[in-house]
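Comments concern the structure below.
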Amino acid sequence: MAERVARLASERAVVVFTKSGCCMSTAVTTLLGELAVSAAVHELDREPLGKEMEKELARRLYGSGGRGGPAVPAVFIGGSLVGGTSKVMAMHLKGELVPLLKSAGALWL
């Protein structure tokens with residue numbers, strides 16, 4: 001499952017793993033959309049292997065036990081895991097998100 005997540009995470013400059021109806025996922029994808037980022041969005045509850053992918057994301061976010069909080073949204077920029085909603089929003093407020101998006105080729109301005 002790690003290879004599948006890695007492959008999907010590198011398919012575009014920005015990839016977001018979400019669940020349909022998740023308000024935190026909506027907040028992250030809305031922010032990215034407002035920044036004119038065209039992210040690939042994978043809704044795990046609509047994926048055939050979504051449960052397994054969610055476990056892999058939890059492992060990546062919280063360590064080998066995979067416990068510690070929600071696994072979605074999980075945001076990858078430039079193929080690297082950035083984190084969830086709080087990390088992305090904190091980066092944006094600190095002025096760190098836009099430069100990272102630019103360096104990954106997700107923004108051209």
Distance-only donor-acceptor pairs under 3.5 Å for side chains of residues 28-38, two or more places apart:
| from | atom 1 | to | atom 2 | distance (Å) |
| --- | --- | --- | --- | --- |
| T29 | OG1 | S25 | O | 3.0 |
| T29 | OG1 | T26 | O | 3.2 |
| T30 | OG1 | T26 | O | 2.7 |

Output side-chain donor-acceptor pairs under 3.5 Å for residues 80-96, partner residues at least two apart or in another chain, one line each.
none

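Hydrophobic cluster membership differs between M53 and M24, with clusters built from Ile, Leu, Val, Met, Phe, Trp and Tyr side chains linked at under 4.5 angstrom.
Taking the side chain to side chain contact (heavy atoms under 4.5 Å, CB included) definition, one finds that E56 meets it with M1, A2, V5, R59, R60, sequence neighbours left out. Taking the side-chain hydrogen bond (donor to acceptor under 3.5 Å, both in side chains) definition, one finds that E11 meets it with H42, sequence neighbours left out. Looking at residues two or more places apart in sequence or on another chain, you find a side chain to side chain contact (heavy atoms under 4.5 Å, CB included) between R46 and S20, E43. With sequence neighbours left out, F76 forms a ring pair (Phe, Tyr, Trp, His ring centres under 6.0 Å) with F17.
Atom NZ in K102 sits 11.0 Å away from atom CG in L97 (nearest 0.5 Å).
Smallest separation of non-hydrogen atoms from V15 and A9: CG2-O, 3.4 Å. Shown here for A106 and V14, the closest heavy-atom pair between the two residues is CB-CG2, 3.6 Å. For A74 against L61, the heavy-atom pair with the smallest separation is CB-CD1, 4.4 Å.
Residues E52 and R4 form no side-chain contact, since every pair of their non-hydrogen atoms from C-beta on lies 4.5 Å or further apart.
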